[in-house]
Amino acid sequence: MGANEGHGDGFDLAMRLLDAQVAFHKDQLLRRESFFEFVEEEVDGLLDEAEELTLAEAVTREQIKDVAHKYAVQIPVEGAIPELVGEIAARLYNHRVNDELEVGDVVDPRRFDELVDAVADMDVTHRLVRLVLSSPVTVDACVEAVQRAVVTAVDDGKQTGGGLAGTLRGALSRLAEPALPAIENGVGRLTRTGARFILRGNSNDADEVLLDSARATWRKHTGDAVGSFRDLVSAEDVEDAVVLTFEFWRTFRETGYFHALLDEGIDHVFDKYGDTPLTELLAELGVSREDLIEEALRFGPSVLQKLDERGYLDTVLRRRLAPFYASPQFRDAVTGPR
(Lines give C-alpha, C1' and ligand atoms only; values in the text may rest on other atoms or scores of the structure.)
Protein backbone atom coordinates (compact mmCIF):
# COMPACT_ATOMS: atom_id res chain seq x y z
CA MET A 1 0.00 0.00 0.00
CA GLY A 2 2.87 2.31 -0.85
CA ALA A 3 3.73 4.82 1.88
CA ASN A 4 1.80 2.88 4.54
CA GLU A 5 3.53 -0.44 3.99
CA GLY A 6 5.10 -1.89 7.12
CA HIS A 7 1.79 -2.70 8.80
CA GLY A 8 2.29 -0.07 11.51
CA ASP A 9 -0.38 1.85 13.36
CA GLY A 10 -0.91 4.17 10.39
CA PHE A 11 -1.52 1.26 8.06
CA ASP A 12 -3.93 -0.45 10.44
CA LEU A 13 -5.86 2.80 10.91
CA ALA A 14 -6.02 3.30 7.13
CA MET A 15 -7.41 -0.20 6.64
CA ARG A 16 -10.04 0.25 9.35
CA LEU A 17 -11.12 3.60 7.95
CA LEU A 18 -11.24 2.24 4.40
CA ASP A 19 -13.36 -0.73 5.49
CA ALA A 20 -15.65 1.57 7.47
CA GLN A 21 -16.07 4.00 4.59
CA VAL A 22 -16.78 1.22 2.08
CA ALA A 23 -19.36 -0.27 4.45
CA PHE A 24 -20.93 3.16 4.97
CA HIS A 25 -21.25 3.86 1.24
CA LYS A 26 -22.61 0.38 0.51
CA ASP A 27 -25.23 0.80 3.21
CA GLN A 28 -26.12 4.22 1.86
CA LEU A 29 -26.51 2.90 -1.67
CA LEU A 30 -28.16 -0.46 -1.01
CA ARG A 31 -30.80 0.44 1.57
CA ARG A 32 -33.77 1.92 -0.29
CA GLU A 33 -34.53 4.56 2.35
CA SER A 34 -30.95 5.83 2.51
CA PHE A 35 -30.58 5.66 -1.26
CA PHE A 36 -33.70 7.79 -1.65
CA GLU A 37 -32.25 10.37 0.75
CA PHE A 38 -28.94 10.23 -1.12
CA VAL A 39 -30.65 10.82 -4.48
CA GLU A 40 -32.73 13.70 -3.13
CA GLU A 41 -29.68 15.38 -1.62
CA GLU A 42 -27.63 15.01 -4.79
CA VAL A 43 -30.41 16.17 -7.13
CA ASP A 44 -31.23 19.15 -4.92
CA GLY A 45 -27.55 20.04 -4.63
CA LEU A 46 -27.12 19.75 -8.39
CA LEU A 47 -30.14 21.94 -9.08
CA ASP A 48 -29.02 24.53 -6.53
CA GLU A 49 -25.70 24.85 -8.32
CA ALA A 50 -27.34 24.74 -11.76
CA GLU A 51 -29.54 27.67 -10.79
CA GLU A 52 -26.46 29.86 -10.68
CA LEU A 53 -24.82 28.39 -13.78
CA THR A 54 -25.84 29.30 -17.33
CA LEU A 55 -25.52 27.12 -20.40
CA ALA A 56 -22.72 29.26 -21.85
CA GLU A 57 -20.80 29.13 -18.55
CA ALA A 58 -21.09 25.35 -18.35
CA VAL A 59 -20.06 24.53 -21.93
CA THR A 60 -19.06 26.39 -25.07
CA ARG A 61 -20.84 26.15 -28.38
CA GLU A 62 -17.60 24.85 -29.90
CA GLN A 63 -17.59 21.92 -27.48
CA ILE A 64 -21.17 21.05 -28.36
CA LYS A 65 -20.42 21.34 -32.07
CA ASP A 66 -17.47 18.98 -31.67
CA VAL A 67 -19.69 16.42 -29.93
CA ALA A 68 -22.47 16.84 -32.49
CA HIS A 69 -20.08 16.38 -35.40
CA LYS A 70 -18.54 13.34 -33.75
CA TYR A 71 -21.82 11.49 -33.31
CA ALA A 72 -23.67 12.79 -36.37
CA VAL A 73 -20.83 12.79 -38.88
CA GLN A 74 -17.76 10.85 -37.77
CA ILE A 75 -19.15 7.71 -36.14
CA PRO A 76 -19.38 4.93 -38.76
CA VAL A 77 -22.88 3.76 -39.71
CA GLU A 78 -21.68 0.37 -40.89
CA GLY A 79 -21.91 -2.93 -39.10
CA ALA A 80 -24.15 -3.42 -36.10
CA ILE A 81 -26.24 -0.24 -36.31
CA PRO A 82 -27.86 -0.78 -39.75
CA GLU A 83 -28.19 -4.48 -39.00
CA LEU A 84 -29.94 -3.78 -35.70
CA VAL A 85 -32.28 -1.22 -37.27
CA GLY A 86 -33.15 -3.70 -40.01
CA GLU A 87 -33.87 -6.45 -37.49
CA ILE A 88 -36.08 -4.16 -35.40
CA ALA A 89 -37.94 -3.01 -38.53
CA ALA A 90 -38.55 -6.65 -39.49
CA ARG A 91 -39.90 -7.47 -36.03
CA LEU A 92 -42.22 -4.48 -36.08
CA TYR A 93 -43.38 -5.42 -39.58
CA ASN A 94 -44.27 -8.95 -38.45
CA HIS A 95 -45.61 -8.06 -35.00
CA ARG A 96 -48.97 -9.67 -34.26
CA VAL A 97 -50.42 -6.36 -33.07
CA ASN A 98 -50.61 -5.34 -36.74
CA ASP A 99 -53.21 -8.09 -37.24
CA GLU A 100 -55.05 -7.54 -33.95
CA LEU A 101 -55.83 -3.84 -34.35
CA GLU A 102 -57.84 -2.06 -37.00
CA VAL A 103 -56.68 1.14 -38.67
CA GLY A 104 -59.47 3.07 -36.96
CA ASP A 105 -58.22 1.88 -33.56
CA VAL A 106 -54.81 3.43 -34.12
CA VAL A 107 -55.98 6.79 -35.45
CA ASP A 108 -59.48 7.94 -34.55
CA PRO A 109 -61.49 8.94 -37.66
CA ARG A 110 -62.35 12.29 -36.12
CA ARG A 111 -58.69 12.94 -35.38
CA PHE A 112 -57.78 11.95 -38.94
CA ASP A 113 -60.32 14.42 -40.35
CA GLU A 114 -58.86 17.17 -38.18
CA LEU A 115 -55.35 16.31 -39.35
CA VAL A 116 -56.34 16.29 -43.01
CA ASP A 117 -58.17 19.60 -42.62
CA ALA A 118 -55.14 21.14 -40.93
CA VAL A 119 -52.78 19.93 -43.67
CA ALA A 120 -55.16 21.11 -46.41
CA ASP A 121 -55.36 24.57 -44.81
CA MET A 122 -51.58 25.02 -44.76
CA ASP A 123 -50.28 27.58 -47.22
CA VAL A 124 -47.50 25.24 -48.30
CA THR A 125 -50.10 22.65 -49.31
CA HIS A 126 -51.88 25.17 -51.54
CA ARG A 127 -48.58 26.23 -53.09
CA LEU A 128 -47.51 22.63 -53.77
CA VAL A 129 -50.83 21.78 -55.41
CA ARG A 130 -50.67 24.89 -57.61
CA LEU A 131 -47.06 24.10 -58.49
CA VAL A 132 -47.89 20.54 -59.55
CA LEU A 133 -50.98 21.52 -61.55
CA SER A 134 -49.25 24.37 -63.35
CA SER A 135 -46.02 22.50 -64.01
CA PRO A 136 -45.18 21.55 -67.64
CA VAL A 137 -43.87 18.29 -66.21
CA THR A 138 -47.39 17.35 -65.12
CA VAL A 139 -48.74 18.02 -68.61
CA ASP A 140 -45.88 16.00 -70.13
CA ALA A 141 -46.69 13.09 -67.83
CA CYS A 142 -50.34 13.15 -68.94
CA VAL A 143 -49.32 13.22 -72.61
CA GLU A 144 -46.86 10.35 -72.19
CA ALA A 145 -49.44 8.23 -70.38
CA VAL A 146 -52.01 8.68 -73.17
CA GLN A 147 -49.45 8.08 -75.93
CA ARG A 148 -48.33 4.86 -74.26
CA ALA A 149 -51.93 3.79 -73.97
CA VAL A 150 -52.40 4.29 -77.73
CA VAL A 151 -49.26 2.31 -78.56
CA THR A 152 -50.30 -0.46 -76.19
CA ALA A 153 -53.77 -0.59 -77.73
CA VAL A 154 -52.29 -0.98 -81.22
CA ASP A 155 -49.90 -3.71 -80.04
CA ASP A 156 -52.69 -5.55 -78.23
CA GLY A 157 -54.90 -5.30 -81.33
CA LYS A 158 -52.32 -7.11 -83.42
CA GLN A 159 -52.30 -10.02 -80.95
CA THR A 160 -56.08 -10.32 -80.59
CA GLY A 161 -57.57 -13.82 -80.81
CA GLY A 162 -59.98 -15.24 -83.40
CA GLY A 163 -63.53 -14.31 -84.22
CA LEU A 164 -64.86 -11.58 -86.41
CA ALA A 165 -64.34 -8.85 -83.82
CA GLY A 166 -60.78 -10.00 -83.17
CA THR A 167 -60.02 -10.19 -86.86
CA LEU A 168 -61.33 -6.66 -87.42
CA ARG A 169 -59.31 -5.29 -84.48
CA GLY A 170 -56.20 -7.00 -85.78
CA ALA A 171 -56.70 -5.60 -89.26
CA LEU A 172 -57.29 -2.09 -87.95
CA SER A 173 -54.20 -2.31 -85.76
CA ARG A 174 -52.04 -3.41 -88.68
CA LEU A 175 -53.41 -0.58 -90.79
CA ALA A 176 -52.73 1.91 -88.02
CA GLU A 177 -49.18 0.74 -87.39
CA PRO A 178 -47.51 2.64 -90.27
CA ALA A 179 -49.32 5.80 -89.20
CA LEU A 180 -48.48 5.32 -85.53
CA PRO A 181 -45.91 8.18 -85.32
CA ALA A 182 -48.44 10.60 -86.79
CA ILE A 183 -51.16 9.26 -84.51
CA GLU A 184 -48.88 9.69 -81.51
CA ASN A 185 -48.13 13.29 -82.50
CA GLY A 186 -51.80 14.07 -82.98
CA VAL A 187 -52.77 12.41 -79.74
CA GLY A 188 -49.96 14.27 -78.02
CA ARG A 189 -51.15 17.66 -79.24
CA LEU A 190 -54.76 16.94 -78.31
CA THR A 191 -53.79 15.53 -74.92
CA ARG A 192 -51.49 18.44 -74.12
CA THR A 193 -54.24 20.96 -74.94
CA GLY A 194 -56.84 18.99 -72.99
CA ALA A 195 -54.54 18.44 -70.02
CA ARG A 196 -53.75 22.13 -69.75
CA PHE A 197 -57.41 23.01 -69.92
CA ILE A 198 -58.44 20.40 -67.33
CA LEU A 199 -55.61 21.18 -64.91
CA ARG A 200 -56.14 24.91 -65.19
CA GLY A 201 -59.90 24.54 -64.79
CA ASN A 202 -59.57 22.40 -61.65
CA SER A 203 -56.79 24.32 -59.94
CA ASN A 204 -59.20 26.10 -57.60
CA ASP A 205 -60.96 22.89 -56.56
CA ALA A 206 -57.91 20.64 -56.39
CA ASP A 207 -57.43 21.07 -52.64
CA GLU A 208 -60.98 19.99 -51.90
CA VAL A 209 -60.77 17.08 -54.34
CA LEU A 210 -57.60 15.80 -52.69
CA LEU A 211 -59.15 16.28 -49.27
CA ASP A 212 -62.26 14.30 -50.22
CA SER A 213 -60.13 11.55 -51.78
CA ALA A 214 -58.03 11.23 -48.63
CA ARG A 215 -61.12 11.04 -46.45
CA ALA A 216 -62.82 8.48 -48.71
CA THR A 217 -59.70 6.30 -48.81
CA TRP A 218 -59.37 6.50 -45.04
CA ARG A 219 -62.98 5.59 -44.36
CA LYS A 220 -62.72 2.68 -46.77
CA HIS A 221 -59.87 1.16 -44.79
CA THR A 222 -60.67 2.11 -41.17
CA GLY A 223 -62.09 -1.36 -40.57
CA ASP A 224 -59.08 -3.13 -42.06
CA ALA A 225 -56.35 -4.60 -39.89
CA VAL A 226 -53.25 -2.45 -39.66
CA GLY A 227 -51.37 -5.39 -41.12
CA SER A 228 -53.23 -4.99 -44.40
CA PHE A 229 -50.43 -2.61 -45.38
CA ARG A 230 -48.41 -5.77 -46.05
CA ASP A 231 -50.43 -6.17 -49.25
CA LEU A 232 -48.67 -3.04 -50.48
CA VAL A 233 -45.36 -3.14 -48.62
CA SER A 234 -43.37 -6.37 -48.39
CA ALA A 235 -40.70 -7.29 -45.86
CA GLU A 236 -38.13 -6.87 -48.64
CA ASP A 237 -39.43 -3.34 -49.25
CA VAL A 238 -38.83 -2.50 -45.58
CA GLU A 239 -35.32 -3.92 -45.73
CA ASP A 240 -34.59 -1.96 -48.90
CA ALA A 241 -35.91 1.23 -47.28
CA VAL A 242 -33.56 0.77 -44.32
CA VAL A 243 -30.59 0.22 -46.62
CA LEU A 244 -31.46 3.22 -48.79
CA THR A 245 -31.94 5.43 -45.71
CA PHE A 246 -28.51 4.55 -44.34
CA GLU A 247 -26.90 4.96 -47.74
CA PHE A 248 -28.44 8.41 -48.08
CA TRP A 249 -27.43 9.38 -44.54
CA ARG A 250 -23.88 8.13 -45.08
CA THR A 251 -23.30 10.61 -47.91
CA PHE A 252 -25.62 13.43 -46.81
CA ARG A 253 -23.98 13.85 -43.42
CA GLU A 254 -20.62 14.52 -45.09
CA THR A 255 -21.90 17.43 -47.17
CA GLY A 256 -21.11 21.01 -46.34
CA TYR A 257 -24.84 21.67 -46.43
CA PHE A 258 -25.52 19.34 -43.50
CA HIS A 259 -22.54 20.71 -41.56
CA ALA A 260 -23.83 24.26 -42.03
CA LEU A 261 -27.32 23.33 -40.83
CA LEU A 262 -25.96 21.44 -37.83
CA ASP A 263 -23.76 24.34 -36.76
CA GLU A 264 -26.56 26.84 -37.30
CA GLY A 265 -28.93 24.82 -35.14
CA ILE A 266 -26.41 24.73 -32.29
CA ASP A 267 -25.72 28.45 -32.67
CA HIS A 268 -29.43 29.16 -32.37
CA VAL A 269 -29.66 27.14 -29.14
CA PHE A 270 -26.80 29.12 -27.65
CA ASP A 271 -28.13 32.44 -28.94
CA LYS A 272 -31.48 31.70 -27.30
CA TYR A 273 -30.43 29.85 -24.15
CA GLY A 274 -26.76 30.76 -23.63
CA ASP A 275 -27.54 33.12 -20.74
CA THR A 276 -30.25 30.88 -19.31
CA PRO A 277 -29.58 29.12 -15.99
CA LEU A 278 -29.40 25.35 -16.41
CA THR A 279 -32.40 24.79 -14.13
CA GLU A 280 -34.56 26.96 -16.39
CA LEU A 281 -33.21 25.17 -19.46
CA LEU A 282 -34.13 21.81 -17.95
CA ALA A 283 -37.61 23.14 -17.25
CA GLU A 284 -37.89 24.37 -20.85
CA LEU A 285 -37.03 20.84 -21.97
CA GLY A 286 -39.69 19.41 -19.69
CA VAL A 287 -37.25 17.87 -17.18
CA SER A 288 -38.19 18.52 -13.55
CA ARG A 289 -36.68 17.68 -10.17
CA GLU A 290 -39.26 14.91 -9.81
CA ASP A 291 -38.21 13.42 -13.17
CA LEU A 292 -34.55 13.26 -12.15
CA ILE A 293 -35.40 11.58 -8.84
CA GLU A 294 -37.85 9.19 -10.48
CA GLU A 295 -35.33 7.95 -13.07
CA ALA A 296 -32.59 7.58 -10.45
CA LEU A 297 -34.93 5.45 -8.32
CA ARG A 298 -36.08 3.51 -11.37
CA PHE A 299 -32.63 2.26 -12.34
CA GLY A 300 -30.40 2.84 -9.32
CA PRO A 301 -31.53 0.17 -6.81
CA SER A 302 -31.63 -2.74 -9.27
CA VAL A 303 -28.30 -1.84 -10.86
CA LEU A 304 -26.57 -1.35 -7.50
CA GLN A 305 -28.03 -4.60 -6.16
CA LYS A 306 -26.69 -6.54 -9.13
CA LEU A 307 -23.27 -4.90 -8.78
CA ASP A 308 -23.18 -5.85 -5.10
CA GLU A 309 -24.23 -9.45 -5.78
CA ARG A 310 -21.30 -9.85 -8.13
CA GLY A 311 -18.82 -8.09 -5.87
CA TYR A 312 -18.35 -5.19 -8.26
CA LEU A 313 -19.69 -2.53 -5.92
CA ASP A 314 -17.12 -3.29 -3.22
CA THR A 315 -14.37 -3.36 -5.83
CA VAL A 316 -15.42 -0.02 -7.32
CA LEU A 317 -15.62 1.71 -3.96
CA ARG A 318 -12.25 0.40 -2.82
CA ARG A 319 -10.65 1.36 -6.12
CA ARG A 320 -11.84 4.94 -5.71
CA LEU A 321 -11.17 5.28 -1.95
CA ALA A 322 -8.03 3.23 -1.31
CA PRO A 323 -5.56 5.62 -3.01
CA PHE A 324 -6.40 8.32 -0.47
CA TYR A 325 -5.51 6.08 2.48
CA ALA A 326 -2.21 5.24 0.81
CA SER A 327 -1.40 8.88 0.09
CA PRO A 328 0.94 11.32 1.82
CA GLN A 329 -2.09 13.54 2.44
CA PHE A 330 -3.67 10.88 4.65
CA ARG A 331 -0.42 10.19 6.45
CA ASP A 332 0.15 13.88 7.13
CA ALA A 333 -3.42 14.28 8.36
CA VAL A 334 -2.91 11.46 10.87
CA THR A 335 0.70 11.93 11.97
CA GLY A 336 1.38 15.52 10.96
CA PRO A 337 3.80 16.70 8.26
CA ARG A 338 7.30 15.36 8.50
Side-chain angles (χ1 to χ4, degrees), residues 68 72 85 88-142 145 195-235 237-238 240-242 244-246 248-249 252-253 255 257-258 260-273 276 280-288 291:
V85 172
I88 292 174
R91 289 192 63 165
L92 297 179
Y93 178 88
N94 293 302
H95 199 289
R96 65 177 183 274
V97 74
N98 292 314
D99 302 311
E100 296 172 351
L101 291 179
E102 296 180 353
V103 173
D105 296 329
V106 178
V107 180
D108 181 81
R110 182 177 61 83
R111 184 66 62 188
F112 178 80
D113 286 342
E114 293 174 352
L115 175 63
V116 171
D117 287 338
V119 172
D121 288 338
M122 293 173 62
D123 289 339
V124 67
T125 303
H126 297 298
R127 290 195 295 270
L128 285 174
V129 171
R130 302 294 180 274
L131 179 64
V132 171
L133 293 181
S134 62
S135 172
V137 176
T138 304
V139 176
D140 291 340
C142 294
R196 287 171 179 163
F197 175 78
I198 293 172
L199 293 173
R200 186 166 53 247
N202 287 276
S203 61
N204 293 329
D205 301 326
D207 298 341
E208 195 62 34
V209 171
L210 291 174
L211 184 62
D212 290 341
S213 298
R215 284 173 173 161
T217 302
W218 177 260
R219 293 191 181 97
K220 181 180 178 181
H221 294 287
T222 50
D224 296 346
V226 176
S228 62
F229 75 88
R230 299 193 190 103
D231 296 335
L232 179 65
V233 182
S234 68
D237 294 331
V238 174
D240 290 342
V242 171
L244 290 173
T245 300
F246 274 101
F248 169 78
W249 176 244
F252 177 70
R253 68 180 187 160
T255 63
Y257 176 72
F258 174 73
L261 295 182
L262 183 61
D263 288 344
E264 187 66 19
I266 294 171
D267 284 335
H268 178 74
V269 171
F270 272 85
D271 290 342
K272 184 173 183 177
Y273 293 109
T276 302
E280 291 184 24
L281 181 57
L282 287 174
E284 289 279 339
L285 297 175
V287 179
S288 67
D291 294 324

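Residue indices begin at 1 and follow the sequence shown.
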Query - Arg230/Asp237 ion pair, N-O < 4.0 Å - result: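 Judged by the 4.0 Å cut-off on N to carboxylate O distance, Arg230 and Asp237 do not form a salt bridge.
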Locate the shortest heavy-atom distance separating [X] from [Y]; write the atom from each residue and the value.
X: Ala89; Y: Val238; answer: CB-CG1, 3.7 Å
X: Gly104; Y: Pro109; answer: O-CD, 4.1 Å
X: Ala72; Y: Trp249; answer: O-CZ2, 3.3 Å
X: Asp224; Y: His221; answer: OD2-ND1, 2.7 Å

Query raised in the report: Taking Asn98 for the side chain and Leu92 for the main chain, is one N or O donor matched with an acceptor at less than 3.5 Å?
Result: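 Checking the backbone N and O of Leu92 against the side chain of Asn98, a donor-acceptor pair under 3.5 Å is found.
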Report task. May I ask you to decide if the ring planes of Trp218 and Phe112 are parallel, tilted or perpendicular, using 30° and 60° as cut-offs? Result ->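 Plane angle under 30°, so parallel.
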Rounded at 0.5 Å granularity, tell me how far [atom1] in [X] sits from [atom2] in [Y].
X: Arg110; Y: Leu115; atom1: CZ; atom2: CG; answer: 12.5 Å
X: Leu101; Y: His95; atom1: CG; atom2: NE2; answer: 10.0 Å
X: Asp271; Y: Ile266; atom1: CG; atom2: CD1; answer: 12.0 Å

Query raised in the report: What residues form a side chain to side chain contact (heavy atoms under 4.5 Å, CB included) with Tyr273, not counting sequence neighbours?
Result: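 For Tyr273 the side chain to side chain contact (heavy atoms under 4.5 Å, CB included) partners, ignoring immediate neighbours, are Leu55, Val269, Thr276, Leu281, Glu284.
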Query raised in the report: Has Leu285 got more than 12 heavy atoms of other residues, nucleotides or ligands less than 6.0 Å from its CG?
Result: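 Correct, the count exceeds 12.
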Query raised in the report: Any chance CZ of Phe252 has more than 12 other-residue heavy atoms, nucleotides or ligands included, within less than 6.0 Å?
Result: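 For Phe252, atom CZ is crowded (more than 12 foreign heavy atoms under 6.0 Å).
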